[in-house]
Amino acid sequence: MTTQALEARPDSRFTLSPRSFRAKFIMVVGAAVLFDLLLSGGLALWNVQRLSKDATSEVGAGLTTATQEFLKTYVGSTSVRADLVLDRVRGEVDALAGSMQAQIDSPDSREALAAALAGPAATQAPLIYDQKGGWAQNGPGSASVVSVWGYLLDADHRPLPAVQKEIDDSAMLDLFAPSLMATGAPKQQMYYIGPKSRPIFRTVPYTDQAQTFDKLYPGHNSANFWDFFFPGLYESWQGWLRTPGSEPVKGDLTMTAPYTDAITGKLIVSLFHPLFTKDRSDIAGTVGADITLDQLAQVVQSVKVAQSGFGFLTMSNGNILAISKAGEKVLGIEAASGARSSGVTGVERSLRSSTQPAIKTLSLDAVNDGAIQEISLEQDGTQVPYLVALKRLKPVNLWSGGPVASETMSVGIVVPEREIYASLSAAQDSISAATKRILTYQVLAILVCMLVVFAAVFAISGRITAGLSALANAARRFAAKDYSVRVSIPTRDEVGAVGLAFNRMAEEISYHTENLERLVEARTTQLESANKEISALNKKLKGENRRLGAELDVARRIQMMVLPKASELDAIPKVEIAGFMEPADEVGGDYYDVLHDGARIKVGIGDVTGHGLESGVLMLMVQSTARALQEKGGGDPKQFLQVLNRAIYKNITRTNSDKHLSLAFLDYEDRKVTVSGQHEEVLILRGNGELERIDTIDLGFPIGLEGDISPFIATRDIRFDPGDAIVLYTDGVTEAESPAGELFGTERLCRSVRAHGHGNAEEIVHGVIDDVIAHIGTQKIHDDITLVVMRHR
């Protein structure tokens, strides 16, 4: 037979077919790799995006915190610088006021000092009356300019005496003010103004003071100085004297609202310190200093935050004191000079008039002190987010055209958020770009890996599945009964092992296929021979069965033949005897016989162990021996039983049988029955219905077990009167089993005997046997049933 080997090469039928193992292998491995790549790639991308988001958030939060802290610190330091500018001026005004107040409180010293300062007349610049202005003013050359308004001059245009004294007493300003002007904070001027009744105006340095006032404040020369320029200020100071501690802010120093300086034209603020009479009952004048807002503006304009951040200084009512032009534009405010009917000319540049709603409503209260506010300002039609940081200055007493009130100015810093967060935006852009770059590279890497993996799987799968393809082809040819096919798989893996097993299986199947017909023929011949032998044996067995059946039938017939005949029993006088015996098999092992010799009647009953032919033969031996002994005239029951036992024992020994039997005899003569031998109980039903049970266990010994049983044999005499009945039975009666497994038993037998005891012997036998048969029902009879009844006539 030719053997064809299929090599493990890729089969075109399995290479690309969707149902091929290779295609499934590629799909499974590819899906696993794809899932792994997508999972790992997805996790990597998710981590990158999460890292980017977290980094952006952390950087943003950190930068926001740092920016806000920076702005808070910056605005705080700026407010401190502004307070320092004002504090320096306050200190110098306080020093000047202290010096002047000391002279007021020491009149003698003041007059001496005034006299000393007045000096020779030639050294004093005289007051010159100005015809046009109607006031008097000293000429240049003095340390200070003294302006005396027209209503303080007499008809000769000379100062009234009290006014002149005021002029002399205030000359001490020339002693203190020049040195203060030359040192300390930059000041526009320092001055002394007399009390409301003689408000001369002495100012250091010398300027064309009255002339400038005429230009800027027409009509001032004919009105009281205090009421014209600072209405309400003087009365506020007088109120503080009347009610000590009523100052809005502790201290007497009072600052004016910004106004235009009459001489320089710059926006200035004045800081006044009132002087009091020696008895502190009234105002004795005031000293003051002017500073330009340029000084404060320098502080706030020096603010530089990011590219376009700026600072501003505002009063609590929103009026801006200092701001850059660029800042004004951003906040949407415009400076406007306000002309008043009286008082110095102020400036209106308020946040409340801003064109920007967020600025117009910007809160300046203490709640926002040091806080960062986020607002949106309109720029070129776009809402631009800004950050505003505010810090309040020290509170001051402020006059602004009426009674003095508390004022708390604020320094503010405004900066666009986009400039603050420019670095954050740059960082976010960099992180976003890096994230996109990583995503792109990751996707490309996944695609490249997928291509490489699929190419590798496709290439490797051909080698892996080649063995399986060869096995599949071989199996297909094997199914078509081509038992010569073999596979050649070079690999040593599980597929190679399967190939070797397939080849061995194919060889065995081929071998068995080739020898199958011969084997079938041999087996058929053997089966036919065995069938013939079985048929012969069956035939022989059937013959044996027929022969045994015939023998058993003969034995049964012999056994039944030796039983007492009815005619024999009817011939017995005085005693009715009836019997019943039903063997369990063809031949039973029960024995009963009635031997009649004149007036003597001997009734025997026994039960051979087991049943069947051997038991039946033993029963016949007993019957024959008993008959022979009876004929020989054996009248002694003990000797009769002893001789019978000896004869049976010898026969059993000769036949090497293991059978034996229980056997009892009843000898009747003259109303007396003598019982001998061991068997079941003897039941005696008296004529009066009383039932007696005679136990025979002590009257004998099993027949055939021992050669001499004379020591065990005893007799018992029983009275047997007319009307009495004696019932003998074998254990087949009492051990008859119902379908439920319940035995008939001795008690049920006794009840049955009583129930049927009124009849003759035959009727009693039939009645009891009917009860036993009814008890057995459909149950099989397992043992021979024998019943004998004797009834005294």
Side-chain angles (χ1 to χ4, degrees), residues 1-48 438-528 530:
M1 178 175 291
T2 302
T3 301
Q4 297 178 349
L6 295 178
E7 295 184 356
R9 295 178 180 176
D11 192 333
S12 59
R13 289 174 295 180
F14 298 97
T15 303
L16 297 176
S17 174
R19 300 177 60 183
S20 67
F21 177 77
R22 185 180 184 186
K24 294 177 181 177
F25 178 81
I26 293 174
M27 290 179 64
V28 171
V29 176
V33 174
L34 180 61
F35 175 77
D36 181 69
L37 289 174
L38 291 178
L39 180 61
S40 59
L43 288 175
L45 295 177
W46 180 80
N47 285 326
V48 169
I438 293 173
L439 290 174
T440 302
Y441 289 163
Q442 188 70 25
V443 171
L444 291 176
I446 291 174
L447 293 176
V448 171
C449 290
M450 289 175 58
L451 291 175
V452 172
V453 168
F454 272 105
V457 170
F458 184 80
I460 296 173
S461 63
R463 180 176 177 78
I464 294 176
T465 60
L468 297 176
S469 299
L471 284 171
N473 289 330
R476 191 179 301 107
R477 293 175 58 181
F478 203 82
K481 299 183 178 180
D482 181 5
Y483 302 123
S484 63
V485 65
R486 301 290 185 271
V487 293
S488 176
I489 300 175
T491 60
R492 298 182 178 179
D493 53 12
E494 289 81 356
V495 179
V498 172
L500 294 176
F502 178 85
N503 290 337
R504 286 197 296 271
M505 178 191 68
E507 291 176 356
E508 292 179 359
I509 292 177
S510 178
Y511 170 78
H512 290 299
T513 301
E514 293 174 354
N515 295 280
L516 182 60
E517 293 182 358
R518 182 176 57 79
L519 291 175
V520 169
E521 185 178 357
R523 294 291 184 271
T524 301
T525 303
Q526 292 175 358
L527 288 175
E528 288 177 352

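Of all non-hydrogen atoms in Ala474 and Val487, the two that sit nearest each other are CB-CG1, 3.3 Å. Here the closest heavy-atom approach between residue Phe502 and residue Leu471 is recorded as CB-CD2, 4.1 Å.
With rounding to the nearest 0.5 angstrom, the CZ atom of Arg523 is 5.0 Å from the CD atom of Gln526.
Asn47 contributes a side-chain N or O that, together with a main-chain N or O of Leu43, makes up a donor-acceptor pair within less than 3.5 Å.
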